[in-house]
Each structure stands twice: as C-alpha cells, then as structure tokens.
Number of protein chains: 2
Amino acid sequence: MLRPVTRLNLPEQQVLQDAGRLSPQRRPGPARVEDTVGTAQLTAVPEPKYWQLRTVLLRAIDTEFSTGQVIPNERELAARFNVARATLRQALDQLELEGRLVRRRGIGTLVAAPRVGVQVSRQEEGWPGGSREQAWQTVGFAVAAAGEQLAKALGVPVGEQVHTVRRLRVEQGKTVATEALHVPDSALAMLPEIRLSGAAGSGAGPEDEGRALLRRMERLTVDGESRSVELGVAEADEALLLQRPPGTPVLVVTTQYASAGRLAAVAVSTYRADTCRLTFGETGLVEVTPVPADFRTAS
Amino acid sequence: MLRPVTRLNLPEQQVLQDAGRLSPQRRPGPARVEDTVGTAQLTAVPEPKYWQLRTVLLRAIDTEFSTGQVIPNERELAARFNVARATLRQALDQLELEGRLVRRRGIGTLVAAPRVGVQVSRQEEGWPGGSREQAWQTVGFAVAAAGEQLAKALGVPVGEQVHTVRRLRVEQGKTVATEALHVPDSALAMLPEIRLSGAAGSGAGPEDEGRALLRRMERLTVDGESRSVELGVAEADEALLLQRPPGTPVLVVTTQYASAGRLAAVAVSTYRADTCRLTFGETGLVEVTPVPADFRTAS
DNA sequence: CAGTGGTCTAGACCACAGT
DNA sequence: CTGTGGTCTAGACCACTGC
C-alpha cells in the first residue's frame, strides 16, 4: 500500500492553519490506488516524501505562521499528509537543522525566531583589552598537564601545564556558546602576576581564578590570530551548558592567538548552530545586513 | 521486550573489526531479563541508545579502522548490537554529520578523510586581483531584475538589474563549494567595459560572460568586506552541484563587499559541511594547525 | 544477480510540561 | 491526568553498485 515514492497529494492553500481536522479530501481507511498512481508521472518525481514535506511545511510556516507560534502536533500533521509519523519527523528534523523550527518536549513545535548574529572577533571576546567583558561570562577554571592533542594544538611539549578558562556567551538572555580558552604555562612566563583586588578573603572560586588569568593576559600583545569554523555536535557536557540534548549541531570556532611570533593561546568556541549566525566584521565599514536566508537559490 | 532506555551491553575491545559474526556473547532469540535490568542502575543512564552507539562506533573507527575503509554494513551492525536498524542508523547519521563517516549507496559506509581546510578570504577567491583564479571555476552567468530579498541584501531598489556569476570551488579534485556572486548594475556604472580577447568568435557562453564580469571587477577598489557564517541545507540545484542529496548540511558564507563606502557586491557561498573546515587567516603569522577534532571536551 | 544504503510504515512506550 | 515530542522496534520495498 502506497509504497513507491511519488508526489504527495496536498491542498493548495492554507496547508496547516486549522484547515479542518485531518485531511479534508481523504477519509481514514485503506488507501486507494489513485493515491500512488495519480496522473501518470512516476519517474519524474525522484524526490523523497520527507523532502517534499519539508518544502510544503517551509512555505506554510513562512506564510501562515509567525515567530513563536506552535504548529499542529506531529500526529496531527502526519495524519493530514497521510504519512507515517517517522516520515513527518524527518521533514521536521530538516527544518529544525535549518533553524526554522524549535521542538520542545511536552509543549509542541514552534516557529523559530531568526538567527541572532553574533560578532566573532578579538574585541568582542573581552580579551585582550577587555572592552566588552559582558559578552562572555567566566564559569570555570582549571590547570592541568597538556594531553597529546592539546599539546599539539598549542605547540608545546606534552605534559606542560595548561591553564584553561571555561566561558559562556550570553546573547539576548540566552546561552549561545561555550568556550574553552587554553593558555600554556610558557606563554604566561613573561607576564606579571595578578592578584584579585576584592573578594579574595572568603576563598576565591575557580571563576575568580579564570578572571585573574584573563586580566593577566590583557598585558599580552597579540600580533595575529587565525580562525577556523567547522560543523560539530555537542557532547554531553557542552550540551548541558548550551541547554540542548547531546548531538545538537554546533559551529566550532577554533582561534589561535599569536604573540611575539609564537602561539600564545588557543580558544575553542562552540556556538549553537540552530540559533547563531557568526559574523566576522574585519572592518566597520559595512553594516551587516540581516541575511535573507534562502535568496541564494534565486539563480 | 527490552524497552526502557538503559545501558547497551557491549564487548570491550575489537568492537567491529571481524570480531566474529553476530554478537559473540549473545545468540539470536528472545531477549532475557538481564538485558535491561543488569546490575541495578536505571536512572543513572538517561542517554539514548543511539548516542551510546555513536560513542562506541566513534571509538571503534578511531582505533580499528583507517580512512577509506568500509565498516560492516548496517544490518550486520544492528544485529551485533541488538538494536533495530533504524536505531543504528541514527548513530551513523550523527557520525556522518560530524564528518567521520561517508555513506555510499550500493557500496557501504566508509571512514571519512579528515576535513580539508579551505581558505576563505578575498585573495583566495580570485577576485579582485585574481591571484589564484584556479580555486574558483566559473560555470554560469545571468542578468536579472532583483527580487525583493536580493534587492534588500544589496541595498538597491527592487527591479534593478543584477549580474550573477555562478562559481564552483574545487579542492583536491572534489567540488567543495558553490557560490553566487551578485553585482548590481549601479556598482558597475563607473567601471570600463571589458571585451574578452580570445574565443569571442564562435559565440561566447555564459561562463565567458561571467569571467568578463570578474575581470571588470578587478578594477574595483574594495575597501571593506564583512562575512557571516551559518548552517544551512543544500536545496535541489545546489545539492546537484555539490554532488550530494538534497538536505545535505552546508556552511553558508555570506560576504558583503564595500567600495567607496557603498555595498558593491554580495557573494553567497555554500560549502559542504561534511568535508570542509573554513579557515580565516587574517594574517599569515600563524600556521593553521590541523584541528584536533574533539579536544575541546578535554575540560 | 546479490548486497548495500535510502525510504517508509505502523505501532509501542518513555520523558516531560501543564492541568 | 492528558498531550506533546523523543526513542525504539520489526518489517518492507526501493535505488544504486558491482559482479
């Protein structure tokens, strides 16, 4: 019953917005032959159902819904389009990956807000120079011997002490990124110690140690930085910090800071891919126009 | 049978590499009670099966396989781990998203090569200055009136003529990106016409027109560019150019070029997220160390 | 032809939010 | 409690590759 991948039969307008419960032109019951054969075109439609569904749903949420609205639940949608729930979910997965939908367990599926543009640059990181410290929030600090991979990335021998600061980036009240800033001991050698002025009495927490390190590094003269961006997934601890389930797609930004012709620090930042658009403004000459999402398809 | 999400029972070493067909310590047949209950910890393992599987498989391909090797097929793996194929596929989906696996229909699942670092900058784009033209290959050209979104992105009135060049980026013999470079008519007004020297006799194709436009734009003095990077999926035509199925995750790079304090062009490049690591080398001071993938988890 | 990954189905139960 | 999305199962057929 209804096996070959063919065209979906859909109403033309008002696909989702209370257009009657269940499919208006189709009653529950055994599928009929016309469902699959229809007019005559079988080979001309190699597109899988879930992709057609995604396109239909995308148009629907663009025209019939607005940000924050909940769309009909999965079982309802699956019934309306005469597909299995798993197939419908495949379409929703795509739209969630594109940042167009947000799914909340126990609540429903919502139309996502447009991605927020987050500026990625040394100035915005609150280090060094610390002009906009509020963008990043220090949440942890640790010193440990460099493992194999970390040592290689920093260009130091295995076993050297490495200071690591954990920070969170909060934008518009939401945590959008987490970062691990690694600084080898040798890069700190020529920097003066910094003692925290206040609050050192009742025992400084790891956050204070982290802030002290950042203060110290403001003395560093950074004469170069190179970045790379790639797609990754959030593992357990990162997922927790980002308030997302494990496996959530993230944009991993790796930044290498050079000082005196030498690698002084490496920062690995993971941004939530669903809610973030990374912006790199080398110059302030052009204002960043909010990206028109999918106008790249316009030939 | 075996419903609650608990710990998977797995052999400790040599998980995949011909460790005997089917699960060595378990025969086919009805699942026993000890499968799910085991020692005593139920609440302590909230991780879904597919995520545990992903972790196990990740370790396996890191230790037991090398780049290009095929891992056991899905039905075999599903049987070996006593899970449904759909669940096993969820784990493989994750690893494919991370760029660790490549799946080829009719062939099998292969261990992916490390991502290639692609340099993203004006110099490398072959425009303007055209120092390394070979990175991008012009494949199409068109002139059309600007639609609403495109006009907004370019800062020109709707309906203005916009020249669009389609280019492909080929790295190590593989197509890794496609780009649409949009230039409004008004930005070309002050530039001299360029006539192609050779091959203009037998009718110039759209590629030649595209190359002519790029030549013309070399005259442009670019005094600023700003970029943004976000996650997207390849639609039908892009997917075709990238030799991937629709829905493939891509990194969308939007670049705005300013000239004389004005937006002169917008380029939208989509890079295959599975095979690319974008690098932004503002200065050549630091060599980009190949990214150690997941050392960001190291506290 | 046999073997692979890709798609789809129908049904079940779980975890969580709000009542 | 009900309703939502999240996970998992067992099975089927399709599309593609290579022999």
Side-chain angles (χ1 to χ4, degrees), chain A residues 1-8 28-31 35-36 42-43 45-54 70-79 81-96 101-110 112 239 243-248, chain B residues 1-8 28-31 35-36 42-43 45-54 70-79 81-96 101-110 112 239 243-248:
Chain A
M1 57 173 289
L2 204 137
R3 186 54 35 70
V5 177
T6 53
R7 179 176 298 285
L8 290 172
D35 287 350
T36 70
L42 282 184
T43 63
V45 186
E47 302 233 303
K49 266 188 188 175
Y50 75 87
W51 186 255
Q52 300 178 46
L53 263 180
R54 168 217 170 252
V70 302
I71 71 176
N73 70 59
E74 297 181 350
R75 291 165 178 87
E76 161 102 19
L77 286 177
F81 291 111
N82 285 299
V83 296
R85 185 167 160 235
T87 304
L88 187 271
R89 276 181 63 79
Q90 243 183 307
L92 296 184
D93 286 342
Q94 286 283 345
L95 292 169
E96 194 178 27
L101 290 179
V102 177
R103 294 195 271 189
R104 296 202 198 147
R105 193 193 311 221
I107 303 291
T109 303
L110 294 71
Q243 300 166 308
R244 294 254 68 194
T248 301
Chain B
M1 56 172 288
L2 203 137
R3 185 53 36 69
V5 177
T6 53
R7 180 176 298 283
L8 289 172
D35 287 351
T36 69
L42 281 183
T43 61
V45 186
E47 302 233 301
K49 265 188 190 175
Y50 75 86
W51 186 255
Q52 300 179 46
L53 262 179
R54 168 219 170 252
V70 301
I71 71 176
N73 71 60
E74 297 181 350
R75 290 165 178 87
E76 160 102 20
L77 287 178
F81 291 111
N82 285 299
V83 297
R85 183 154 84 107
T87 305
L88 187 272
R89 277 181 62 79
Q90 245 183 306
L92 296 183
D93 285 344
Q94 286 282 348
L95 291 169
E96 194 179 27
L101 290 178
V102 178
R103 293 196 272 191
R104 294 202 198 147
R105 193 193 314 222
I107 302 291
T109 303
L110 294 73
Q243 300 167 306
R244 294 254 69 194
T248 300

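Quantities reported herein were computed from a predicted structural model and do not represent experimental measurements. Lettering of chains follows the sequences in order, A, B, ..., and the numbering in each one begins at 1.
Listed candidates were C:dA10, D:dT9, D:dC8. Nearest to the side chain of B:A84 is D:dT9.
Rounded to whole angstrom, the span from the CG atom of B:L92 across to the P atom of C:dT7 amounts to 14 Å. Look at CG on A:L88: it is 15 Å from C1' on C:dT7, rounded to the nearest Å. Here the C1' atom of nucleotide C:dC16 and the CD atom of A:Q243 are 16 Å apart, to the nearest Å. Computed from coordinates, the A:K49 NZ to D:dA15 P distance equals 13 Å when rounded to whole Å. Rounded to whole angstrom, the span from the CZ atom of B:F81 across to the P atom of D:dC8 amounts to 14 Å.
For B:R105, there are no side-chain contact (heavy atoms from CB on, under 4.5 Å) partners at least two apart in sequence or on another chain.
A:T87 has a side-chain polar atom (N or O) that falls below the 4.0 Å cut-off from OP1 or OP2 of C:dT9.
Pairing each heavy atom of A:R244 with each of A:T248, the nearest pair is CB-OG1, 3.2 Å.
Helix bend of the helix from C:dC1-D:dG18 to C:dG18-D:dC1: the angle between its two end axes, each built from five pairs, comes to 10° after rounding to 10°.
Separating the CG atom in B:N82 from the NZ atom in B:K49 is a distance of 8.0 Å, to the nearest 0.5 Å. With values rounded to the nearest 0.5 angstrom, A:E76 atom CD is found 10.0 Å from A:F81 atom CZ. The distance from atom CG of A:L95 to atom OG1 of A:T109, rounded to the nearest 0.5 Å, is 10.0 Å.
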Considering only nitrogen or oxygen atoms on both sides, find all protein atoms under 3.5 Å from nucleotides 2-6 of chain C and state each distance.
residue: C:dG3; atom: N2; partner: B:G106; partner atom: O; Å: 3.4
residue: C:dT4; atom: OP1; partner: B:N73; partner atom: ND2; Å: 2.7
residue: C:dT4; atom: OP2; partner: B:N73; partner atom: ND2; Å: 3.3
residue: C:dT4; atom: O2; partner: B:G106; partner atom: N; Å: 3.2
residue: C:dG5; atom: OP1; partner: B:T109; partner atom: N; Å: 3.4
residue: C:dG5; atom: OP1; partner: B:T109; partner atom: OG1; Å: 3.1
residue: C:dG5; atom: OP2; partner: B:E74; partner atom: N; Å: 2.9
residue: C:dG5; atom: N7; partner: B:R75; partner atom: NH1; Å: 3.1
residue: C:dG5; atom: O6; partner: B:R75; partner atom: NH2; Å: 3.1
residue: C:dG6; atom: OP2; partner: B:R89; partner atom: NH1; Å: 2.8
residue: C:dG6; atom: OP2; partner: B:R89; partner atom: NH2; Å: 3.3
residue: C:dG6; atom: N7; partner: B:R85; partner atom: NH2; Å: 3.4
residue: C:dG6; atom: O6; partner: B:R85; partner atom: NH2; Å: 2.6

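With contacts defined as side-chain heavy-atom distances shorter than 4.5 Å, the pair A:V83/A:L53 qualifies. Contact annotation: the side chain of B:E96 never approaches that of B:V102 to less than 4.5 Å [non-hydrogen atoms, C-beta and beyond].
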List the atom pairs, with distances to 0.1 Å, where a side-chain N or O of residues 87-94 of chain A and a protein N or O form a donor-acceptor pair under 3.5 Å, not counting sequence neighbours.
residue: A:R89; atom: NH1; partner: A:E74; partner atom: OE1; Å: 3.2
residue: A:R89; atom: NH1; partner: A:E74; partner atom: OE2; Å: 2.9
residue: A:D93; atom: OD1; partner: A:R103; partner atom: NH2; Å: 2.1

